[in-house]
Amino acid sequence: MVHPIFVGAGAILILGGLWQLNRRATGFALGGLIALGIGEYLVPPMSITALTQFSSLQLAGLAASLAGAILLVTAFFRAFPSRNPGASLTAMSGAAMATGCECCLVTMGITGISHAIFPSQAWLPHTLPVYLVATLLMAVGLTRLGGITAAGLAVAGQIMVYFWLELPYDSLPRMMLHGVNINFAIKYPMLLVGSLVVMSSFVLAYRAQESLVTPMVSMGEPAMAGD
């Protein structure tokens, strides 16, 4: 019940923000969000496990999630140009890979397709390998864009996201409210904080890019006699 609220809010924020920056990029984003929606419809969150034998429709849903990621990266790549497009593409691809977990969205698309291709590899259908690659891509790209501080911020934010995503609830005091363990709700604000830290690393990196492209204003010099 909660998952669609977050996805819907994210979609509105993406489309609203890109519409003000680059309307053509908004079209790519809309296509990407529709593809993600198709993926969510065909493969609902938490509907697959590492032992699932995928149907054709499920494979199509996982592929739709990956297509959605490609379109969203294209949208942001067009909306936020930089002096180092290769680094931007690397960092944005990492961020897209870490959108979701093994049970939803882009990350599930990656883990699901990986498991379908290599069913004997037990480590492939899990979140951690995808997050490790995603964090590495973000760190490499953001280092080239904005330096080590931006990269470190992204790594710290992604560690926070993974920690709260995978934190074993038995290690926390069990608190029940109307029959529901409210420890489950703790992770949502913490995941939001981690995601905001990751996004702030991109802001920092792109501000560094803007400072590089800002033209230097030359100071006029008084003309000397004979000039």
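Please read all numbers here as calculations on a predicted model, not as lab measurements.
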Peer 1: With distance as the sole criterion, is a donor-acceptor pair present between the side chains of Q121 and H115 under 3.5 Å?
Peer 2: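 No donor-acceptor contact under 3.5 Å links the two side chains.
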
Peer 1: Using 0.5 Å steps for rounding, measure from the OG atom of S93 to the CG atom of L72.
Peer 2: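 Atom-to-atom, S93:OG and L72:CG are 11.5 Å apart.
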
Peer 1: What pair of heavy atoms forms the shortest contact from A64 to I38, and how long is it?
Peer 2: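 Answer, listing the atom of A64 first, then I38: CB-CG2, 4.2 Å.
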
Peer 1: Quick check, are the ring centers of F28 and F77 under 6.0 angstrom apart?
Peer 2: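 No: the rings miss the under 6.0 Å criterion.
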
Peer 1: Do side-chain atoms of T90 reach the backbone of G141 as a donor and acceptor pair under 3.5 angstrom?
Peer 2: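 Looks like no, no N/O pair under 3.5 Å.
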
Peer 1: Any side-chain heavy-atom pair from H3 and E40 closer than 4.5 angstrom?
Peer 2: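 Sidechains of E40 and H3: in contact.
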
Peer 1: Write down the atom of A35, the atom of A67, and the distance for their closest heavy-atom approach.
Peer 2: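 Heavy atoms only, the tightest pair is CB-C, 4.4 Å.
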
Peer 1: Let me check something: do L62 and F118 share a hydrophobic cluster, defined by ILVMFWY side-chain heavy atoms less than 4.5 Å apart, either directly or through other members?
Peer 2: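 Yes, one cluster joins them.
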
Peer 1: Compare every heavy atom of Q58 with every heavy atom of Q53, then report the nearest pair and how far apart it is.
Peer 2: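 For Q53 and Q58, the tightest heavy-atom pair comes out as O-OE1, 3.9 Å.
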
Peer 1: Pairing donors with acceptors under 3.5 angstrom, does anything connect the side chains of Y206 and S88?
Peer 2: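 Looking only at side-chain atoms, S88 and Y206 do form a donor-acceptor pair, the distance falling under 3.5 Å.
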
Peer 1: Do you know which two heavy atoms are closest between R144 and A87, and how far apart they sit?
Peer 2: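 Looking at all heavy atoms of both residues, the closest pair is CB-CB, 3.7 Å.
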
Peer 1: Do W164 and Y188 have side-chain heavy atoms sitting under 4.5 Å apart?
Peer 2: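 Heavy-atom side-chain distance check fails, nothing below 4.5 Å.
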
Peer 1: Closest heavy-atom contact between A205 and L142?
Peer 2: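 Smallest interatomic distance, heavy atoms only, reads CB-CD2, 3.6 Å.
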
Peer 1: Would you compute the distance between atom CD of E102 and atom CE of M108 and round it to the nearest 0.5 angstrom?
Peer 2: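 Answer rounded to 0.5 Å: 10.5 Å.
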
Peer 1: Taking the side chain as C-beta and beyond, is there a heavy-atom pair between M92 and F202 under 4.5 Å?
Peer 2: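 A side-chain contact under 4.5 Å exists here.
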
Peer 1: Kindly determine whether L153 and S200 satisfy side chain to side chain contact (heavy atoms under 4.5 Å, CB included), including the steps that lead there.
Peer 2: CA-CA 8 Å; L153 204 58; S200 67; 3.3 Å; yes

Peer 1: Near M46 CE, under 6.0 Å, is it more than 12 heavy atoms from other residues, nucleotides or ligands?
Peer 2: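 No, the 6.0 Å shell around CE holds no more than 12 heavy atoms from other groups.
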
Peer 1: Looking at CG of L71 and CD1 of I34, how far apart are the two atoms once the value is rounded to the nearest 0.5 Å?
Peer 2: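 Reported to 0.5 Å precision, the distance equals 9.5 Å.
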
Peer 1: Would L105 end up clustered with L15 when hydrophobic side chains under 4.5 Å apart are linked, directly or stepwise?
Peer 2: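 No.
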
Peer 1: Side-chain contact test, heavy atoms from C-beta onward, threshold under 4.5 Å: evaluate it for E166 versus Y162 and give yes or no.
Peer 2: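 Of all side-chain heavy-atom pairs linking Y162 with E166, at least one is under 4.5 Å.
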
Peer 1: In Å, rounded to the nearest 0.5 Å, how long is the span from CD of Q158 to OG1 of T135?
Peer 2: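 Answer for the CD-OG1 pair, Q158 versus T135, is 4.5 Å.
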
Peer 1: Could you check if a side-chain atom of S82 sits within less than 4.5 angstrom of a side-chain atom of L145, using non-hydrogen atoms only?
Peer 2: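 The answer is yes, as the side chains (C-beta and beyond) meet within the 4.5 Å cut-off.
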
Peer 1: Output, in order, the C-alpha distance, side-chain angles, deciding distance and verdict of side chain to side chain contact (heavy atoms under 4.5 Å, CB included) for F80 and L21.
Peer 2: CA-CA 9 Å; F80 296 95; L21 292 173; 3.4 Å; yes

Peer 1: When rounded to the nearest 0.5 angstrom, what is the spacing between CG in L36 and OG in S65?
Peer 2: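 Going from the CG atom of L36 to the OG atom of S65 covers 6.0 Å.
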
Peer 1: Within a strict 4.5 Å, meaning less than it, do heavy atoms of the L192 and L196 side chains meet?
Peer 2: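 The answer is yes, as the side chains (C-beta and beyond) meet within the 4.5 Å cut-off.
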
Peer 1: Please check if V106 and V7 belong to a single hydrophobic cluster, counting links between Ile, Leu, Val, Met, Phe, Trp and Tyr side chain heavy atoms closer than 4.5 Å.
Peer 2: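 As far as the 4.5 Å side-chain criterion goes, V7 and V106 are not connected within one cluster.
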
Peer 1: Tell me the closest heavy-atom pair linking T107 and M97, and the distance in Å.
Peer 2: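 Between these two residues, the closest heavy atoms are OG1-O, 2.7 Å.
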
Peer 1: Using side-chain heavy atoms (C-beta onward) and a distance below 4.5 Å, is L124 in contact with T111?
Peer 2: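 The answer is no; the side chains never approach within 4.5 Å.
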
Peer 1: If hydrophobic clusters are built by linking Ile, Leu, Val, Met, Phe, Trp and Tyr wherever their side-chain heavy atoms come under 4.5 Å apart, do L66 and I117 end up in the same one?
Peer 2: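 Yes: a chain of side-chain contacts under 4.5 Å links L66 to I117.
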
Peer 1: Please report the interatomic distance CG(L42) to OG(S56), rounded to the nearest 0.5 Å.
Peer 2: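 The CG atom of L42 sits 11.5 Å away from the OG atom of S56.
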
Peer 1: Could you please spell out the steps behind the side chain to side chain contact (heavy atoms under 4.5 Å, CB included) verdict for T26 and L30?
Peer 2: CA-CA 6 Å; T26 308; L30 179 60; 5.5 Å; no

Peer 1: Consider only side-chain heavy atoms of I, L, V, M, F, W and Y, link residues closer than 4.5 Å, and tell whether I70 and L137 are in one cluster.
Peer 2: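 The answer is no; the residues belong to distinct hydrophobic clusters.
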
Peer 1: Side chains of L18 and F76: closer than 4.5 Å at any heavy-atom pair?
Peer 2: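 Answer yes - side chains close enough.
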
